[in-house]
Amino acid sequence: MQSRSLSVLRFLAVLALLSAGCGGPEWDPDAPSEPISTPQLIYEDITLTQARPDGGILWRLQARLAEYESPPENGAAPVQLGSAHLQAVEGEFFDEDNRAIRTRAEQGSAYPGERRLELTGQVEVESERDNLRLQAQRVEWLPEQRLLQAEGQVKVELLEGQGSLQGERLLVDFGQAQMQLENWDPTQPVRAEYRDPDLELAASRFLWQFGVGEVQAVGSVEVYAPLQALRLRGEQLRAPLPLTELRILGNGQAKAEQTGQELQAQEIRWRIGSTQLQAQGNVRYRQPGQALTVRGNQGILDWQANTARIQGNSQTQLTLP
């Protein structure tokens, strides 16, 4: 019996030596434990309403699930519910003019202390007052700045079915009543389509002044009118909405594919639906099938009549084959 007890003691001593040689961390029962961040409250089928100090509403949202996080205590101040992480979101948010902007998203987060709303997943936003609807992967609403930002496969549609734009980064400034759409890579053009009449447009950046009903495009502007077989290029485009006339500014180029006539100028105007182009500033015209170039200050091209009139210090260059 005594020899068995000695064997047990030797075995325990060996285990103690092995444990000391491993160099593992020691457990201190008095050391503070790491805090675990967990939602304070979880609600299902909840309506969230965030009010402004003047009594107005910033947003009113319904969510299938809301996980609240409580902000840290600050002295004797009462602890209030903090940010909420949402699932299956639907509702409205509002600007200072009480403009109701409807939205729907797969997920979202509301940050009342920051006056900020973030929506992710398949996000849809519609402003009937501004005649626009957009889809994106992420949307952020900053009501105090009256800014809406969208990123990732952004598509903007005019509500009356007039057209659409596609890009990767959108900024809507409701205070200035304007919208800007571009891509992360400036060499990749933003695409746009317009219906009735049918137009295909591309540019580095689109600017839409929806307050005054004007659209602008800058950087490698291209326009194609398939019904008229007309191509326009330039550095900038300006046009009213609804589209009635296009102005191509800065190294403007036009080609009527039916006749092959080409026109270059600092500014080219096309009244949509017509068969005429008006050009101003350093005008150059080239007749297809002939080594002929005509220069002047002003010009009118009619590709249906297959005519061109160049005026003002006109010069004619004829190159014989």
Side-chain angles (χ1 to χ4, degrees), residues 41 43-71 80-162 164-165 167 169-181 206-215 241:
L41 296 170
Y43 292 97
E44 294 183 351
D45 299 325
I46 185 175
T47 298
L48 297 84
T49 301
Q50 179 66 32
R52 295 198 304 260
D54 61 2
I57 299 177
L58 291 178
W59 58 72
R60 182 168 50 235
L61 305 171
Q62 294 82 41
R64 181 181 58 81
L65 186 70
E67 298 181 356
Y68 277 93
E69 291 183 0
S70 179
Q80 298 179 351
L81 292 178
S83 60
H85 305 294
L86 315 172
Q87 299 289 333
V89 187
E90 185 173 354
E92 298 173 311
F93 49 89
F94 303 84
D95 69 356
E96 292 183 355
D97 295 333
N98 204 33
R99 181 198 321 257
I101 304 170
R102 293 190 292 270
T103 186
R104 179 182 299 172
E106 294 180 351
Q107 299 93 27
S109 295
Y111 302 94
E114 303 176 23
R115 300 288 196 271
R116 181 168 67 91
L117 181 65
E118 182 178 323
L119 303 171
T120 57
Q122 297 296 324
V123 186
E124 299 177 4
V125 176
E126 180 178 314
S127 176
E128 185 174 353
R129 174 176 168 180
D130 301 305
N131 189 35
L132 67 87
R133 177 192 297 114
L134 72 90
Q135 300 175 357
Q137 294 175 317
R138 177 182 176 274
V139 170
E140 185 177 36
W141 170 237
L142 303 171
E144 293 187 345
Q145 291 84 9
R146 305 181 71 179
L147 295 178
L148 184 146
Q149 302 178 88
E151 298 176 352
Q153 298 180 10
V154 179
K155 182 177 181 180
V156 181
E157 296 179 292
L158 304 181
L159 289 182
E160 298 177 356
Q162 295 173 322
S164 63
L165 302 91
R169 183 170 59 177
L170 173 73
L171 176 63
V172 182
D173 187 333
F174 288 102
Q176 299 295 324
Q178 65 182 14
M179 178 192 77
Q180 175 175 302
L181 181 63
F206 278 85
L207 303 171
W208 179 16
Q209 304 281 347
F210 51 81
V212 296
E214 182 183 71
V215 63
L241 279 178

Residues, nucleotides or ligands: over 12 heavy atoms within 6.0 Å of Gln145 CD | yes
Begin with the C-alpha distance, continue with both residues' side-chain angles, and end with the deciding distance and a verdict on side-chain contact (heavy atoms from CB on, under 4.5 Å) for Phe174 and Arg99.
-> CA-CA 9 Å; Phe174 288 102; Arg99 181 198 321 257; 3.6 Å; yes
Does Arg60 use its side chain to pair, donor to acceptor, with the backbone of Ile57 at less than 3.5 Å?
-> no
Distance, nearest 0.5 Å, that separates CD1 of Ile101 from CG of Leu148 | 6.5 Å
Using a 4.5 Å cut-off on heavy atoms from C-beta on, say whether the side chain of Val156 contacts that of Phe206.
-> no
Lys/Arg-Asp/Glu bridge criterion (N-O < 4.0 Å) met for Arg64, Glu44 | no
Quick one: list whatever passes side-chain hydrogen bond (donor to acceptor under 3.5 Å, both in side chains) with Asp45, sequence neighbours left out.
-> none
With sequence neighbours excluded, tell me which residues meet side-chain hydrogen bond (donor to acceptor under 3.5 Å, both in side chains) with Glu114.
-> Arg116
More than 12 heavy atoms from other groups under 6.0 Å of CD on Gln153 = no
For Gly108 and Val89, which heavy atoms make the closest approach, and how far apart are they?
-> N-CG2, 4.0 Å
By side-chain hydrogen bond (donor to acceptor under 3.5 Å, both in side chains), which residues pair with Arg169, not counting sequence neighbours?
-> Glu182
Taking it one step at a time, do Gln50 and Leu48 satisfy side-chain contact (heavy atoms from CB on, under 4.5 Å)?
-> CA-CA 7 Å; Gln50 179 66 32; Leu48 297 84; over 6 Å; no
Non-hydrogen atoms of Glu157 and Ser164 that approach each other most closely = CG-CB, 4.0 Å
Does the pair Leu170 and Met179 meet the rule for a side-chain contact (heavy atoms from CB on, under 4.5 Å), with working shown?
-> CA-CA 7 Å; Leu170 173 73; Met179 178 192 77; 3.2 Å; yes
The reported gap from CH2 in Trp208 to CG in Leu241 (rounded to nearest 0.5 angstrom) is 6.5 Å
Roughly how far apart are Leu165 CG and Leu158 CG, rounded to 0.5 Å?
-> 7.0 Å
So, does Thr103 use its side chain to make a donor-acceptor pair with the main chain of Glu124 at under 3.5 Å?
-> yes
Pairs where residues 90-109 contributes a residue and the test ring-ring contact (aromatic ring centres under 6.0 Å, His included) is met, not counting sequence neighbours = Phe93-Trp141
For Leu65 and Glu67, work out which heavy atoms get closest and say how close.
-> CD2-OE2, 4.2 Å
Closest contact, heavy atoms only, Pro112 versus Ser83 = CD-CA, 4.2 Å
Looking at residues at least two apart in the chain, or sitting in another chain, which of them share a side-chain hydrogen bond (donor to acceptor under 3.5 Å, both in side chains) with Arg102?
-> Glu126
Reference residue Leu61; test side-chain contact (heavy atoms from CB on, under 4.5 Å); the match among Thr47, Thr49, Leu117 = Leu117
Interatomic spacing from CD in Glu106 to CZ in Arg104 - rounded to 0.5 Å = 11.5 Å
Using a 4.5 Å cut-off on heavy atoms from C-beta on, say whether the side chain of Leu207 contacts that of Leu181.
-> no
Is Asp130 reaching over with its side chain to a backbone N or O of Leu132, donor-acceptor style, under 3.5 angstrom?
-> no
Gap separating the CD atom of Glu90 from the CG atom of Leu119, nearest 0.5 angstrom = 12.0 Å
Who are the side chain to side chain contact (heavy atoms under 4.5 Å, CB included) partners of Ala66, not counting sequence neighbours?
-> Ile46, Tyr68, Leu86
Can Glu118 and Arg138 be said to form a side-chain contact (heavy atoms from CB on, under 4.5 Å), step by step?
-> CA-CA 7 Å; Glu118 182 178 323; Arg138 177 182 176 274; 3.7 Å; yes
Among Glu214, Gln176, Gln178, which residue meets the side chain to side chain donor-acceptor pair (under 3.5 Å) test with Gln209?
-> Gln178
The reported gap from CD in Gln149 to CD in Gln180 (rounded to nearest 0.5 angstrom) is 11.0 Å
Identify the heavy atoms of Ala105 and Thr120 that sit nearest to each other, and give their distance.
-> CB-O, 3.8 Å
